[in-house]
**Student:** 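Mind having a look at this structure? Questions to follow.
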There are 2 protein chains.
Amino acid sequence: MSAGNSDDKPNLRSIASLAGVSHMTVSRVLNGHPNIRPATREKVLRVVEELNYQRNSAARALATRKSRRIGVIVDRPVEIGPDSTLRAVEHAAREAGYSVSSVAASPDDDGVMPREAVDYLTAHGIDALCVIAPRASSVDVLRELTDGIPTLIVKADDDANFLTASVDQRLGATLAVQHLIDLGHREIVHVAGPLDWLDARARERGWHARLKRAGLHIPPAFVGDWSADSGYEFAVAFDELPPFTAIFAANDQMALGILHGFRERGIRVPEDVSVVGFDDLSVSRHFLPTLTTVRQDFHALGTLAVEILVAALEGDSTERRSRIAPELIIRESTASPRVM
Amino acid sequence: MSAGNSDDKPNLRSIASLAGVSHMTVSRVLNGHPNIRPATREKVLRVVEELNYQRNSAARALATRKSRRIGVIVDRPVEIGPDSTLRAVEHAAREAGYSVSSVAASPDDDGVMPREAVDYLTAHGIDALCVIAPRASSVDVLRELTDGIPTLIVKADDDANFLTASVDQRLGATLAVQHLIDLGHREIVHVAGPLDWLDARARERGWHARLKRAGLHIPPAFVGDWSADSGYEFAVAFDELPPFTAIFAANDQMALGILHGFRERGIRVPEDVSVVGFDDLSVSRHFLPTLTTVRQDFHALGTLAVEILVAALEGDSTERRSRIAPELIIRESTASPRVM
DNA sequence: GGGCACTATGTTCCCGGTAACGTCGCGGCG
DNA sequence: CGCCGCGACGTTACCGGGAACATAGTGCCC
């Protein structure tokens, strides 16, 4: 405390004069330029250390026209999945020497307004953009907004305009449905997320495709809103629904709502109906019954996204896209159907 | 696309020459300076509009020595509460013309390393700092790191060094315990979070204080780790525990684990034991049984935090701290104890 | 009608870095 | 022995804004 600081923060010039060199030499040392004599380098670093000097990122950004900041748009209200991904992105970006600026959907509205979000982020200076949990409508709008900014969208389909990375949603859905088929289920319904979301669509398609391939009846999907409440509402309407013996829910929260609704209606899981979720929230293994679900590795996803973006930014662009395999976690909420 | 853009982005000078004024006039218009003729203002704004001009935030930060950025440290791994607060902070900051840069704990480690986090944030230029879900140890370290940076810590106790804002944790705990007492419970145990976390401590103290005031027996608190798993482990050890009829769990996740463990042990909730949680996650109303809990308004908390910080930054510093009242939500997991 | 207080605007310099180019010393080579 | 090339720096200009001061017009008052 008050250890004789000259009032202002040190800058390149003050370091330089203390080290007896020019400010450019200091800059070069800090940037790891090759042609610096070891003695000089050490002299400079010593002073840097001593004054606890930190480069001014604003000045750097101004001079280089690069902010070393990645903008992130999170298109879904607070949920473990998107937030885990966001944190993983932040972490990986930090490790790579970047910082992150995010715009996230509020609890009230569905998603973010893409135009406003991009405006905000570009106004604050970003080198690249990453979109988590996107809606199809957002992607459409983004196409014409992200001109010149490397943009990665967390989605499974390739896209000519964007970099992509994702957990393979269709594979996840396939694993879930396959598991139910293997157990002997023939009537498998789907409680989907809002189909404007790409993840919801991909899961619905995976479910649909697997049923079709198995030659099973394909009932219309019930569309929820990701919330446990919507799963609950689906379940309490059980008596009015066409018969089925298994449900694939598009996320664990809706699955939880379904468990709750069934309990109230006296329908037993898994004896009467099997339920599979998606995400494997940390709490899902404590639902009653514990939930069979599809695990997504959000951390790996965020890390991968940053890897791809940074590669694109720094030239060694190898891959434009990549998918992470999800994993089926079998617990108590699924079983073979009773013989009718 | 390619609608005749001159290659580079417009800047103050290019706007100025197109509008036939000096760059300072443009700057003044954009900053809302008073002494500008309406005609001039409109002329400038027209050009700004036309070129879709956005100020360069790096240049602005360099010139003003203000980044208009708030650094946020989230000291807990991914969880709905802290992430909701973070998002609310981000939202409120955006509305106030600030952006947010965050450092969050990864799933692996407990909390963030305060020194590294602050270094990182200051290196990227922040005007203020906000700490969400802090550990006591973090706070101690921060005291000597945040010299000169207005810092708000989300905690309930006043602090000479920091601004504070919080949901009143002790009040929340008091509400929970009061509810159990009102139902006729006399043996009320607490499943706490790790006591290094200020929130965990405050809840433990609230529980302790209310029991003491009621003259009830105060059993030692069981310390979990916030996870549903730790609640589960507590519950399955039921037979080895001293007798009790009610549990106050420090968060909903541990409460869920408790419900799960009790189910396995054949202990009925609320008939045998009542359970109260804390947080009111969106899923808590679908637990089996639905969970009585203490609701925290995370959005209000984040908004409040930014309000206080911005007030501190912009001089009209009114309040240094403020608390939000939590609310008891009564559901099925609590009932009067059976007469023994 | 001249001085004066404003108002509206322009000039210049500076923020703290980096790019581009200049300079100096030294060793190798014809 | 003189020239060249290059390594190791230094100098200068510039990134795009804003603060501080300078300056031109304008109405008002004595």
Side-chain angles (χ1 to χ4, degrees), chain A residues 6-45 47-48 51-69 97 99 122-127 314, chain B residues 6-45 47-48 51-69 97 99 122-127 314:
Chain A
S6 67
D7 193 30
D8 294 288
K9 280 194 183 158
N11 59 25
L12 273 191
R13 267 97 176 166
S14 58
I15 300 288
S17 72
L18 282 180
V21 296
S22 78
H23 73 279
M24 266 318 293
T25 301
V26 180
S27 171
R28 283 193 264 255
V29 168
L30 262 27
N31 288 334
H33 265 249
N35 298 338
I36 299 284
R37 243 184 317 164
T40 311
R41 181 191 312 279
E42 278 173 39
K43 201 166 48 176
V44 169
L45 289 179
V47 179
V48 164
L51 298 199
N52 197 18
Y53 167 73
Q54 293 189 140
R55 271 183 294 198
N56 180 317
S57 70
R60 222 151 102 85
L62 179 58
T64 58
R65 296 149 161 280
K66 296 213 166 74
S67 62
R68 297 192 71 78
R69 178 185 313 285
S99 74
T122 56
H124 285 266
I126 56 170
D127 293 345
E314 299 181 354
Chain B
S6 67
D7 193 31
D8 294 288
K9 280 193 185 161
N11 60 25
L12 273 190
R13 266 100 175 165
S14 58
I15 300 288
S17 73
L18 281 179
V21 297
S22 79
H23 81 277
M24 266 318 293
T25 300
V26 179
S27 171
R28 284 193 262 254
V29 168
L30 262 29
N31 288 335
H33 265 250
N35 298 339
I36 299 283
R37 242 186 315 165
T40 311
R41 180 190 313 278
E42 278 173 39
K43 202 167 45 176
V44 168
L45 288 179
V47 179
V48 165
L51 298 199
N52 196 18
Y53 167 71
Q54 293 188 141
R55 271 182 293 197
N56 181 317
S57 69
R60 223 150 101 84
L62 180 57
T64 59
R65 295 148 163 280
K66 298 217 164 77
S67 63
R68 297 194 70 79
R69 178 183 318 283
S99 74
T122 55
H124 285 266
I126 56 169
D127 294 345
E314 299 181 353

**Student:** Look at all strands and tell whether B/Ile36 reaches a base, only sugar-phosphate, or nothing, counting heavy atoms closer than 4.0 Å.
**Tutor:** sugar-phosphate
**Student:** Using a heavy-atom cut-off of under 4.0 Å over every strand shown, decide if A/Ser57 touches base, sugar-phosphate, or nothing.
**Tutor:** nothing
**Student:** With no angle test and no hydrogens, is the base of D/dG17 tied to the side chain of B/Arg13 by a donor-acceptor pair under 3.5 Å?
**Tutor:** yes
**Student:** Hey, does the side chain of B/Arg28 reach the backbone of B/Asn35 with a donor-acceptor pair shorter than 3.5 angstrom?
**Tutor:** no
**Student:** Under 4.0 Å: is that the gap between some side-chain N or O of A/Asn56 and OP1 or OP2 of C/dG16?
**Tutor:** no
**Student:** Any side-chain N or O of B/Thr40 less than 4.0 Å from the OP1 or OP2 oxygen of C/dA8?
**Tutor:** no
**Student:** Keeping the roles fixed (side chain from B/Asn31, backbone from B/His33), state whether a donor-acceptor pair exists under 3.5 Å.
**Tutor:** no
**Student:** Tell whether B/His23 reaches the base of D/dG18 with its side chain through a donor-acceptor pair below 3.5 angstrom.
**Tutor:** yes
**Student:** Respond yes when some side-chain nitrogen or oxygen of B/Ser27 is under 4.0 Å from OP1 or OP2 of D/dG18, and no when none is.
**Tutor:** yes
**Student:** Can you work out whether B/Ala59 or A/Val26 has the more 5'-proximal nearest nucleotide on DNA chain C?
**Tutor:** B/Ala59
**Student:** Closest nucleotide of DNA chain D for A/Met24 versus for A/Pro34: which of these residues is on the 5' side?
**Tutor:** A/Pro34
**Student:** Can you check whether B/Asn31 has a side-chain N or O nearer than 4.0 Å to OP1 or OP2 of D/dG18?
**Tutor:** yes
**Student:** Which of these, B/Leu30, B/Thr25, B/Val48, sits in a side chain to side chain contact (heavy atoms under 4.5 Å, CB included) with B/Leu12?
**Tutor:** B/Leu30
**Student:** Would you say the side chain of A/Arg28 and the base of D/dG10 hold a donor-acceptor pair, judged only by whether the two atoms sit under 3.5 Å apart?
**Tutor:** yes
**Student:** In whole angstrom, what separates A/Arg65's CZ from D/dG17's C1'?
**Tutor:** 13 Å
**Student:** Within less than 4.0 Å of OP1 or OP2 of C/dG16, is there a side-chain N or O belonging to A/Tyr53?
**Tutor:** no
**Student:** Of B/Leu62 and B/Ser22, whose closest DNA chain C nucleotide lies nearer the 5' terminus?
**Tutor:** B/Ser22
